[in-house]
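These values consider heavy atoms only, across backbone and side chains, with no hydrogens, waters or symmetry-generated copies.
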Amino acid sequence: MGKTARWFGAALLVALATSSAQAADPIKVGLGMSLTGKLAGNGKPALIAMQIWEDDTNAQGGLLGRPVKLIYYDDQSEPGNVPGIYSKLLDVDKVDLIVSGYASTQIAAAMPLAIERRKLFIGLGGTAVNDAFHYPMYFNMVPNGPSPKAAFTHGFFKVAAAQNPRPETIALAYADAEFGQNVCQGARDNAKEAGFKILYDKSYPPATIDFSPIVRVIAANQPDLMVLCSYPLDTVGIIKAMHEVGFKPKMWGGAMVGLQSTALKAQLGPLLNGIVNFEAWAPVKGVVTPAATDFLRKYQVKATAAGADALSYFPVSAYADLQVLGQAITATNSLKDDVLAAYMHKAEFETVLGDFRFGQDGEWSEIHLLEVQFQNIKSNSIEEFRDLGTEIVVYPPELKSGDAIYPYEKILAK
């Protein structure tokens, strides 16, 4: 064998070895997640769901012939920590792709870097974050449709407008922060479209602890309806203040974050009865699939072992988040951000959260949010929330698991 042939043979062996090593290298997906702090109630379940996707995907042979690996850091529920985390993921860890952690504040904090680096970015639990950026490689994993600000209270107003006699007036209260401002603007638009007269429309500081004075002022206006756009701690404080003051509007709730957490639901117990609020997903007929049931079975085992919320439905969204990414990678045979984004704009996705397409600004093309009313809660036991017997889907009509009890005073008398 001549020198040229020997050199070529050696070079070929090196190339094959390198190719094999590269094929074995994991596809790295990076994220920050709130594992401590005020957002951890959803952050921990979300990470567990994503780790289940990682395990499921690798058990099926990975993606593009390579295993997948999540690389994550705790953002401690502080938006200020987020940019540094994503810089480290991209510059030090050299991740292939990034996805967001939970909540609008954390997503918004990461968006400038994602835009600067031209990275595909899938948001988890964001509300109208891309309204400020119009970034074509952003996609949102919340089933709130093309009008995200209005979506969170869409079902509330549909249920209210169907009552007889029809309510006429409404009060709006919201946290003076990103989610509260965005969603209350949507509630304001919904109220005007439905023809309800707004008697009260004010924000409160995010650090508010005592909500009794706010509730008393609202009660003095005697609105038929009350919509709240609140964060978890606010939600608890407002609900307790409502009972303390004894205010009984005909219907209330709307966009109260926290009532998707089993721990908070158990803490509040019977105080929840009558509240009408949004839910992203619930295992009702017409929504639940065998794949979703299988995921929840795995999730509940892992969440119980980790001391996380085992009965939460929010992790369904987190698992679907990475299902979308995996399906896009498989369909395009690529890890290029622009290639994946182009595909995601035109594709239909099949996930545990439902089948859907993305529309303008990366929001869902159609609204899939549910509206639920808490009923029949008798104690503060977690067992009250093990099935949907105390959380009745009242909208949309084709997915209803029961009827709304109206007015609110009627449910309190039961």
Side-chain angles (χ1 to χ4, degrees), residues 25-59 62-63 66-114 116-117 119-126 129 137-142 261 295 298-299 301-310 312 314-329 335 337 340 351-353:
D25 288 343
I27 296 171
K28 294 184 286 188
V29 180
L31 66 146
M33 186 62 79
S34 298
L35 304 179
T36 56
K38 61 186 179 182
L39 298 176
N42 277 339
K44 287 180 180 179
L47 180 62
I48 292 170
M50 291 177 165
Q51 290 171 326
I52 294 172
W53 174 85
E54 179 183 31
D55 291 342
D56 287 349
T57 302
N58 287 332
L63 297 172
R66 297 163 59 183
V68 296
K69 181 179 181 181
L70 296 180
I71 298 179
Y72 57 89
Y73 299 99
D74 180 12
D75 64 32
Q76 300 174 320
S77 300
E78 294 293 338
N81 293 336
V82 171
I85 286 174
Y86 282 89
S87 292
K88 183 176 188 298
L89 287 166
L90 292 168
D91 296 334
V92 179
D93 298 309
K94 304 293 184 182
V95 298
D96 299 286
L97 298 160
I98 55 173
V99 295
S100 86
Y102 164 66
S104 299
T105 51
Q106 317 307 92
I107 298 169
M111 281 289 280
L113 185 64
E116 178 189 333
R117 303 294 185 91
K119 297 298 292 182
L120 171 74
F121 199 46
I122 303 177
L124 177 63
V129 173
M137 292 201 291
Y138 173 82
F139 300 88
N140 189 23
M141 279 307 299
V142 178
S261 161
F295 162 71
K298 294 175 184 176
Y299 169 77
V301 171
K302 289 184 176 293
T304 300
D309 185 351
S312 173
F314 178 71
V316 176
S317 298
Y319 187 87
D321 185 305
L322 293 183
Q323 279 188 300
V324 165
L325 184 63
Q327 288 173 29
I329 291 170
L335 295 177
D337 297 270
L340 295 171
T351 75
V352 291
L353 193 60

(message) Just verifying a value: how many Å separate Thr351 OG1 and Trp53 CH2, rounded to the nearest 0.5 Å?
(response) 13.5 Å
(message) Rounded at 0.5 Å granularity, tell me how far CG in Leu47 sits from CG in Asn42.
(response) 12.5 Å
(request) Begin from the C-alpha positions of Leu325 and Leu120 and carry the test side-chain contact (heavy atoms from CB on, under 4.5 Å) through to its verdict. (result) CA-CA 10 Å; Leu325 184 63; Leu120 171 74; 3.8 Å; yes
(request) Identify the heavy atoms of Asn140 and Gly125 that sit nearest to each other, and give their distance. (result) OD1-N, 4.3 Å
(message) Does Lys119 have more than 12 heavy atoms from other residues, nucleotides or ligands lying within 6.0 Å of its NZ?
(response) yes
(request) Establish, yes or no, whether a centroid distance under 6.0 Å links the rings of Phe314 and Tyr102. (result) yes
(message) Please report the interatomic distance CD(Glu54) to CG(Leu70), rounded to the nearest 0.5 Å.
(response) 4.0 Å
(request) Give me the one residue out of Phe121, Tyr73, Tyr72 that meets ring pair (Phe, Tyr, Trp, His ring centres under 6.0 Å) with Tyr86. (result) Phe121
(message) Please find the pair of heavy atoms, one from Pro26 and one from Lys69, that lie closest to each other, and give the distance.
(response) CB-CB, 3.9 Å
(request) For Ala40 and Pro45, work out which heavy atoms get closest and say how close. (result) O-CD, 3.8 Å
(request) Taking the side chain as every heavy atom from C-beta outward, state whether Leu113 and Ser87 have any pair of such atoms under 4.5 Å apart. (result) yes
(request) List the atom of Ile98, the atom of Ala114, and the distance in Å for their closest heavy-atom pair. (result) CD1-CB, 4.3 Å
Let me have the donor-acceptor pairs involving side chains of residues 27-37, under 3.5 Å, with sequence neighbours excluded, atom names and distances please.
from, atom 1, to, atom 2, distance (Å)
Lys28, NZ, Asp93, O, 2.6
Ser34, OG, Asp75, OD1, 2.6
Ser34, OG, Asp75, OD2, 3.4
Thr36, OG1, Asp74, OD2, 2.7

(request) State the CG-CG distance between Leu63 and Asn58, to the nearest 0.5 angstrom. (result) 8.0 Å
(request) Report yes if some heavy atom in the side chain of Leu322 is under 4.5 Å from a heavy atom in the side chain of Val68; otherwise report no. (result) no
(request) Could you tell me whether the side chain of Gln106 reaches within less than 4.5 Å of the side chain of Ile85, counting heavy atoms only? (result) no
(request) Give the minimum heavy-atom separation between Ala49 and Ala318, together with the two atoms involved. (result) CB-CB, 3.8 Å
(request) Salt-bridge test for Asp55 and Lys298: reply yes if a basic N is under 4.0 Å from a carboxylate O, no otherwise. (result) no
(message) Is any side-chain heavy atom of Ser317 closer than 4.5 Å to one of Leu124?
(response) yes
(message) So which atom in Ser100 and which in Ile107 form the shortest heavy-atom distance, rounded to 0.1 Å?
(response) OG-CG1, 3.5 Å
